[in-house]
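Just so it is clear, the values below take in all heavy atoms, side chains as well, and ignore hydrogens, waters and symmetry mates.
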Number of protein chains: 2
Amino acid sequence: MAKRVGVKEVAEHAGVSWKTVSNVMNNRPVVRPETRARVLQAVEELGYTPNLIGRQLRQGSTRTIALVVPDLRNPYFARLAQTLQEAARPRGYTVSIELSGGGIEAEQHYLHGRHGRLFDGLIFSPSAVTIDAMARRTDPTPLVLLGERVATARIPHVAIDNVASSVDLVRHLIDGGRRHIGFLGAEAVGGTSTGSQRFEGYRAALRFAGLPLSADLVAAADSWQREDGYRLAQQVLRSSPEVDALVCANDLLAVGALSAARDLGRTVPDDLALVGWDDIDEVRYAMPPLTSVAPDLDALAEAALSAVLGEREEGQVVIDHRVVVRESSRPVRAPGS
Amino acid sequence: MAKRVGVKEVAEHAGVSWKTVSNVMNNRPVVRPETRARVLQAVEELGYTPNLIGRQLRQGSTRTIALVVPDLRNPYFARLAQTLQEAARPRGYTVSIELSGGGIEAEQHYLHGRHGRLFDGLIFSPSAVTIDAMARRTDPTPLVLLGERVATARIPHVAIDNVASSVDLVRHLIDGGRRHIGFLGAEAVGGTSTGSQRFEGYRAALRFAGLPLSADLVAAADSWQREDGYRLAQQVLRSSPEVDALVCANDLLAVGALSAARDLGRTVPDDLALVGWDDIDEVRYAMPPLTSVAPDLDALAEAALSAVLGEREEGQVVIDHRVVVRESSRPVRAPGS
DNA sequence: CTGAAAGCGCTTACAG
DNA sequence: CTGAAAGCGCTTACAG
């Protein structure tokens with residue numbers, strides 16, 4: 001393993017000063033082309049690669065944004081991470097994927113700057129941490145929230161309109177002839193979390209349509225994995241066989257619900273419609289393919305990035321979504337047709 | 001945004017020297033308990049968090065390992081990343097997830113140290129880069145390869161036995177009564193890549209069983225996404241309707257193949273068995289659930305980490321695998337039963 | 001356009 | 001057990 005070569009060696013090799021090398025490496029236009037060429041050759045010959053740590057220390061910036069998500073088991077986060085990385089590149093930034101495990105301790109770690117100035121900003125998908133804890137934050141690292149909204153503190157926030165998208169889904173189901181619509185993955189009404197907003201929209205749409213809200217058709221959950229969807233769907237389908245549609249708070253829940261429906265002998269979409277959020281690749285290959293709310297991920301990444309980098313004024317950004325209709329929510333046939 | 005407080009401020013506040021603060025922060029046993037308490041209190045009061053960049057520069061180490069994978073669309077990589085992060089934590093290391101996009105340029109970037117000393121080691125899942133390029137490497141950053149094997153250079157390497165696991169799968173299919181077994185995702189025979197090794201095992205098993213190897217039943221591919229599986233399966237099933245099983249080089253291909261089979265009116269597992277690799281969560285919820293080779297991920301993470309940190313002698317580690325049998329490869333019923 | 005000096009925030013020997 | 005100095009590898013003003 002060869003000894004690492006630094007700016008000094010390069011400067012010596014090229015017969016210029018330290019600083020000139022730095023100027024060349026940073027593409028500053030103040031270097032004579034001739035000198036520049038000599039330096040670049042020295043860099044090449046010596047195989048010099050600048051030590052970013054030195055630069056970062058000096059500049060007081062890492063040009064790295066942390067994306068803090070609970071988990072990578074949800075393909076949505078994986079795709080989000082990838083989209084963010086691509087959006088950050090042209091800006092000269094890197095996105096580091098940080099896993100909180102959904103634990104409150106890990107989340108506080110990032111929120112309160114115990115990451116040690118490694119990041120110029122935080123794009124944060126909160127899971128366990130309370131709104132208060134976010135509002136009480138003193139760490140100066142810029143923060144942007146995904147999904148969750150903290151109205152009290154002026155924390156920027158980027159998300160689709162969860163209430164509206166939920167209304168869209170329910171209306172789509174009602175238009176398709178469904179009347180006994182359940183909800184999987186509910187959280188407390190009035191909360192600001194993604195789950196409670198989606199549930200809120202569901203309630204509002206039912207009310208508007210004049211359909212009753214039945215507690216039996218609603219299953220709460222804080223974890224939204226496939227197995228949770230399976231469990232919750234079993235529960236609802238068993239207790240309320242009249243259910244003819246399930247709004248699932250995310251696609252993983254819907255995938256689990258699909259499996260439960262099958263095990264209980266229910267046919268999707270004939271007996272039961274299934275819809276969810278995120279439009280992960282997997283739902284296109286489910287049988288049948290599942291209807292899902294697709295956020296405009298590129299817009300989301302763009303907005304989150306520009307917010308965390310301080311490029312935009314107001315902090316609350318609503319991202320477009322669309323309902324991607326697939327077979328799982330096909331309208332029920334009129335009886336006898 | 002408050003001004004950031006450094007060691008100096010803490011030292012002053014506690015009435016001790018700079019260095020003592022450093023000693024306390026690093027848990028060195030040379031500090032009197034009383035002094036230590038005073039320092040910790042100052043840290044608390046001032047809300048001091050050490051700047052890791054300074055430490056990293058001084059120590060010449062970041063205690064960060066890069067996991068370089070082509071993509072996060074494959075849930076296998078997402079789970080691997082998570083497992084590695086958890087395995088690294090007790091060692092005091094962090095794993096940074098780096099996306100190469102499968103591009104040769106990005107891969108070279110990491111391989112040849114142009115990442116700027118940000119990483120103490122590289123766990124690398126090669127995709128586009130050639131074996132030669134890896135062997136010619138001069139960058140001193142420790143490297144461990146995942147999947148691919150470079151025999152010429154002494155590059156450590158961690159993987160399951162791809163040939164053996166492929167043999168296991170094919171034997172399982174033959175035991176289940178399948179006789180016309182195809183392969184999706186083949187690569188050049190004799191290569192060291194994951195795909196070619198899995199194909200190699202398939203060939204060997206067929207030969208051992210006395211079954212013919214038919215080129216029509218084999219579809220090559222360099223991309224292993226669901227849509228590739230769909231396309232390849234369509235192709236093989238159309239040209240060779242006698243196929244009664246497909247060995248898919250990974251689970252995503254199998255998921256796509258399942259969808260293609262359905263669209264062509266083939267029933268899995270009655271008409272067609274489907275098997276793959278990685279045992280991603282998704283295949284447990286497929287309909288029917290898919291048989292898959294599950295690597296011992298914890299062992300893999302452990303081995304990769306200890307190899308890249310230089311904790312073990314020999315570089316080539318073979319990780320246990322097991323075939324998780326599910327409905328997709330159920331034995332065909334004897335005719336008439 | 002180029003050079004000599006200072007400093008980013010830590011830790012590491014080295015004295016005491 | 002504690003203190004003063006040097007240095008990790010860069011970049012940033014500041015002169016010339």
Side-chain angles (χ1 to χ4, degrees), chain A residues 3-40 42-43 46-64 92 113-120 140-141, chain B residues 3-40 42-43 46-64 92 113-120 140-141:
Chain A
K3 163 132 183 28
R4 313 211 99 141
V5 17
V7 241
K8 284 172 271 192
E9 283 82 357
V10 176
E12 200 175 322
H13 195 87
V16 299
S17 98
W18 235 32
K19 153 71 179 173
T20 307
V21 176
S22 169
N23 275 335
V24 171
M25 293 311 287
N26 291 284
N27 276 317
R28 244 162 274 195
V30 290
V31 185
R32 228 181 325 182
E34 180 192 315
T35 315
R36 171 188 206 76
R38 224 171 47 239
V39 171
L40 286 178
V43 166
L46 268 44
Y48 168 70
T49 58
N51 182 327
L52 258 37
I53 306 282
R55 176 183 300 177
Q56 290 177 354
L57 179 58
R58 181 64 245 237
Q59 293 186 154
S61 146
T62 58
R63 298 191 79 80
T64 299
R114 288 198 287 276
H115 49 74
R117 319 264 186 293
L118 248 31
F119 310 116
D120 290 359
T141 311
Chain B
K3 163 125 184 28
R4 312 213 98 140
V5 16
V7 241
K8 282 172 272 191
E9 283 82 357
V10 175
E12 200 174 323
H13 194 88
V16 300
S17 97
W18 235 31
K19 152 69 180 173
T20 307
V21 176
S22 169
N23 275 336
V24 171
M25 294 310 288
N26 292 285
N27 276 316
R28 244 162 274 194
V30 290
V31 185
R32 227 183 323 183
E34 179 193 316
T35 316
R36 168 187 210 78
R38 225 170 48 240
V39 170
L40 286 177
V43 165
L46 267 45
Y48 168 69
T49 57
N51 182 326
L52 259 38
I53 306 283
R55 176 183 301 177
Q56 289 176 355
L57 179 58
R58 180 64 243 239
Q59 294 187 153
S61 145
T62 58
R63 297 191 81 77
T64 300
R114 289 196 289 275
H115 49 75
R117 320 262 186 293
L118 249 30
F119 310 117
D120 290 357
T141 311

Exercise. Taking C-beta and beyond as the side chain, do B:H115 and A:L52 meet within less than 4.5 Å on heavy atoms?
Worked result: no
Exercise. How close do B:Q56 and A:I53 get, heavy atom to heavy atom, and via which atoms?
Worked result: OE1-CD1, 3.4 Å
Exercise. Given atom CG of B:D120 and atom C1' of D:dC8, what is their separation to the nearest angstrom?
Worked result: 14 Å
Seminar exercise, completed: A:R38 atom CZ is separated from C:dT2 atom C1', nearest whole Å, by 12 Å
For this session: Taking side chain to side chain contact (heavy atoms under 4.5 Å, CB included) as the test, write out the residues that go with A:R58, two or more places apart.
Result: none
Problem set entry | A:N51: side-chain hydrogen bond (donor to acceptor under 3.5 Å, both in side chains) partners, not counting sequence neighbours | none
For this session: Kindly write out the residues that satisfy side chain to side chain contact (heavy atoms under 4.5 Å, CB included) with A:L40, not counting sequence neighbours, or none if the list is empty.
Result: A:V24, A:R36
Problem set entry | Gap between atoms CG and P, on B:L46 and C:dG9 respectively (whole Å) | 15 Å
For this session: Using side chain to side chain contact (heavy atoms under 4.5 Å, CB included) as the criterion, list what pairs up with B:R63, not counting sequence neighbours.
Result: B:S61, B:Y93, B:D120
Exercise. Could you write nucleotides 10-16 of chain C as a row of B, S and -, 5' to 3', where a protein heavy atom under 4.0 Å of any base atom gives B, of only sugar-phosphate atoms gives S, and otherwise -?
Worked result: BBB----
Problem set entry | Pairing residues for A:T64 by the side chain to side chain contact (heavy atoms under 4.5 Å, CB included) criterion, not counting sequence neighbours | A:T62, A:T94, A:S96, A:F119
Exercise. In whole angstrom, what separates A:L118's CG from C:dC8's P?
Worked result: 19 Å
Problem set entry | Dot-bracket line, read 5' to 3' along DNA chain D, where crossing pairs take [ ] and | marks a partner on another strand, Watson-Crick or G-U under 3.5 Å | |||.||||||||.|||
